[in-house]
Amino acid sequence: MGKEDAGITVSKNDDFSEWYTQVVLKAKLADYAPVKGLIVLRPDGYSIWESLRNTFDKKFARNGIRNGFLPILIPESLLGKEQKHFAGFNPEVFWVTHSGTNVIGDRLALRPTSETLAYTLYSKWIQSWRDLPLKINFWNTALRAEIKATKPFLRTSEFLWQEGHTVHSTQEEAEKEVMKILDIYKNTVEEELAIPVTTGKKSNKEKFVGAVYTTTMESIMPDGKALQMGTSHFLGQNFSKPFEVKFADKDNVEHFAWQTSWGVSWRLIGAMIMAHGDDKGLVLPPKVAPMQAVIVPIYRNDEGKEAVLPKVEEIRKELESKDIRVHVDEREGLSPGYKFNDWELKGVPLRIEIGPKDIGKNSMVVAKRHNLEKISLSFTEIGKIPRILDEIQVEMLKKAREEAESNTLEISDYPEFKSKIEEGGFFNSPWCGKLECEEKIKEETGAEIRVIPFGSENANQKCIYCKEQSISVPVFARGY
RNA sequence: CGGGGCGUAGCUCAGCCUGGUAGAGCGCAGCGUUCGGGACGCUGAGGUCGCAGGUUCAAAUCCUGUCGCCCCGACCA
């Protein structure tokens, strides 16, 4: 490849979709698998997932949630036990129908989600109020056949996620858990990935089919489309009844339990790529970056090399002692310019350049990936690096928040809604609560209710569609 | 599922119409010169032309079938 197409060849503004795919592939986060709709994670991509997983695991543990493991095959008889749930997933289930040449009678589903399997076991494990609450999280993959065009991380037929399943003795406690999880999701996504989210409830139409209600966090992407970042469901007794998840209370009366389920997927990585990337490639938030700083030594000849490398090594060790994930680019035969572009493509937050000039001045050039700013730091100021990384993390969230705000509009006039929806964005528009209006709006504009933000109840306005009294001001948007 | 396009080197593609030695650029390997924003020269490796049949003295090229992938229209994290 020549200079022109060594990096990202399209602009994020001109062809967002192509830009996204190129960043994923060229930054070496993932690659396509031999089977349509499936992707392979490469170490830099998987490392981001591991980082998120570690953060979530710590927060889950603090909340009394432990990890377990569930098998991938679920018999059809189990999957069909909760009818609405089953109907919702049926078109996209992969089925295993043979073992070798033998036909399997009760065919096996590759899990689209594990509620039915988990709760079959839960009903065995739970007998008494003393067994509650039961809170288990599962890191695994789910499989859902995607007929429509797929996109790495955003829509694939198999995706990495976590699914948490909790059981409680009271409705109140279960509902509290739903909110607690949503809160963990929100602060993790904002603090680690630097992506602002809007939390609230899904409409009845958009909720998880098996749930009493679904809480969600939604983000707006730079192309104006909404992306669901995670959901936390209150299941009520919708599953505990068919699966007989029952417990004897202190008064020795048997009750059906109250349940929750919740999940986030590697879609979060896709959101991170879209939210922060630019025309030079990926931009990683320091907290999840596999490498936080890369040192590029520069020298012309052996003498230069001998002068530069010991200093580079010294700096590397100092940074490592401060728990900075640092890498030295020792590749021979590549020009500094090539390396700069290469690391920018891969999104490493800080690039440190050390060459003969710097040795003379006792300083180094530090380039920030997120704003392409270059500063000079003396070798004695190396202690500032961790703080700079923290600042970058904060600046990235701030910038993403400003962008999201500028893409959020208050619109109560339907013609205006229709004319502006083409450009995308989050539209805060009053709604009467009726399904017909929600459906008509979707049909006529492609926009759906992404989230009804907490605290958006409002009876003082008129529904944007039917002009009757509003009950809330949901976020309408076109989605991924 | 309905409509269009494409399968030739690791990647992007030319060659096919009009059958006759399988090509280019980039990438890759070695050597040398380079090195502060995508350096250059030389040498070299790398191919069952998606697969299976057929026509022919001869098939990447023509015919038939088949498989796979990509793009556009109804569901989902």
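Worth knowing before you read on, the calculation uses all heavy atoms, side chains too, and leaves out hydrogens, waters and symmetry mates. So that the names make sense, note that chain A is the first sequence line, chain B the second, and so on, each numbered from 1.
Residue contacts shown for Tyr480(A) include a base, since a base heavy atom lies under 4.0 Å away. Residue contacts for Pro356(A): at a heavy-atom cut-off of 4.0 Å it reaches a base atom on one of the strands shown. At the heavy-atom level, Thr156(A) lies under 4.0 Å from base atoms of the strands shown. Contact annotation for Lys374(A): base contact, defined as any heavy-atom pair under 4.0 Å involving a base atom. Within 4.0 Å (heavy atoms only), Val296(A) reaches no atom of the nucleic acid at all. Residue Gly355(A) is classed as a base contact, given a heavy-atom separation below 4.0 Å to a base. Note on Asn301(A): nothing from the nucleic acid sits closer than 4.0 angstrom, heavy atoms only.
The nucleotide whose nearest atom lies closest to any side-chain atom of Lys280(A) is, among C35(B), G37(B), C76(B), G37(B). Among the nucleotides C75(B), G37(B), G38(B), the one closest to the side chain of Tyr338(A) is G38(B). Taking only side-chain atoms of Lys442(A), from C-beta outward, the nucleotide of G36(B), C75(B), C76(B) with the closest atom is C75(B).
Between Trp262(A) and Trp161(A), the ring centre distance reaches or exceeds 6.0 Å. Side-chain rings of Trp266(A) and Phe153(A) approach one another, their centers coming within less than 6.0 Å. Two rings, from Phe417(A) and Phe427(A), have their centers less than 6.0 Å apart. Between Tyr185(A) and Phe56(A), the gap from one ring centroid to the other is short of 6.0 Å. Between Tyr213(A) and His233(A), the gap from one ring centroid to the other reaches at least 6.0 Å.
Taking a pair to require two hydrogen-bonding distances under 3.5 Å in either a Watson-Crick or a G-U wobble arrangement, G7(B) pairs with C67(B). Using the Watson-Crick or G-U wobble rule with both distances under 3.5 Å, U55(B) pairs with nothing in any strand shown. Pairing for G47(B) is absent, with no Watson-Crick or G-U wobble pair whose two atom distances lie under 3.5 Å. U18(B): no Watson-Crick or G-U partner with both key distances under 3.5 Å is found in any strand. G36(B) makes up no base pair with any nucleotide shown, lacking Watson-Crick or G-U wobble contacts both under 3.5 Å. With both pairing distances under 3.5 Å, G27(B) is matched to nothing as a Watson-Crick or G-U wobble pair. Using N1 to N3 plus N6-O4 or O6-N4 for Watson-Crick, or N1-O2 and O6-N3 for G-U wobble, each under 3.5 Å, C1(B) pairs with G73(B).
Atom CH2 in Trp266(A) sits roughly 21 Å away from atom P in C76(B) (whole-Å rounding). In this structure, Glu332(A) places its CD atom 14 Å from P of C35(B), rounding to the nearest Å. Remark: P of C76(B) and CZ of Phe153(A) are 24 Å apart, rounded to the nearest angstrom. One can place CZ of Arg331(A) at 15 Å from C1' of A39(B), the figure rounded to the nearest angstrom. Atom CG in Leu334(A) sits roughly 13 Å away from atom C1' in C28(B) (whole-Å rounding). For the pair Glu92(A) CD and A74(B) C1', the interatomic distance rounds to 14 Å; values are reported in whole Å. As rounded to whole Å, 13 Å separates atom C1' of A39(B) from atom NZ of Lys339(A). When rounded to the nearest whole Å, the span between CD1 of Ile359(A) and C1' of G36(B) equals 13 Å.
Within residues 340-348 of chain A, the residues having any heavy atom closer than 4.0 Å to RNA chain B are, in order of number, Phe340(A), Asn341(A), Asp342(A), Glu344(A).
Ile195(A) CD1 to His276(A) NE2: the interatomic distance, rounded to the nearest 0.5 Å, is 5.0 Å.
Looking at heavy atoms from C-beta onward, Glu192(A) lies out of side-chain contact with Pro285(A) at the 4.5 angstrom threshold.
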Collect all protein-nucleotide pairs involving nucleotides 2-8 of chain B in which both atoms are nitrogen or oxygen and the distance is under 3.5 Å.
none

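Contact between the side-chain N/O atoms of Ser335(A) and the OP1/OP2 oxygens of A39(B) is found at a separation under 4.0 Å.
Between Lys201(A) and Glu206(A) there is no salt bridge, since no side-chain N of the basic residue sits under 4.0 Å from a carboxylate O of the acidic one.
Going from the C1' atom of C17(B) to that of C63(B) covers 15 Å, rounded to whole Å. Annotation: A24(B) and A45(B) have their P atoms spaced 13 Å apart (nearest Å). Comparing the C1' positions of G19(B) and U56(B) gives a spacing of 9 Å, expressed to the nearest Å. Across the P atoms, C67(B) and A59(B) are found 25 Å apart, a figure rounded to whole Å. Remark: the separation of the P atoms in G23(B) and G47(B) is 13 Å, to the nearest Å. One P atom belongs to G2(B), the other to A74(B), and the distance between them is 16 Å to the nearest Å. Using atom C1' as the reference point in both G38(B) and U21(B), the two lie 38 Å apart (nearest Å). Across G15(B) and A9(B), the matching C1' atoms stand 14 Å from one another, rounded to whole Å.
Two residues, Arg351(A) and Phe89(A), neighbour RNA chain B, and the one matched to the more 5' nucleotide by heavy-atom proximity is Arg351(A).
Geometrically, Arg107(A) engages Trp95(A) in a cation-pi contact defined by less than 6.0 Å to the ring centre and at most 45° from the axis. Note that Arg351(A) lies in the cation-pi zone of Phe340(A), set by a 6.0 Å cut-off to the ring centre and a 45° limit from the axis.
Between His165(A) and Tyr119(A), the two ring planes are perpendicular [angle over 60°; tilted spans 30° to 60°].
With a 6.0 Å radius and a threshold of 12 heavy atoms from other residues, nucleotides or ligands, Lys28(A) has its NZ atom at or below the threshold.
With sequence neighbours excluded, the residues forming a side chain to side chain donor-acceptor pair (under 3.5 Å) with Lys59(A) are Asn187(A), Thr188(A), listed by chain and number.
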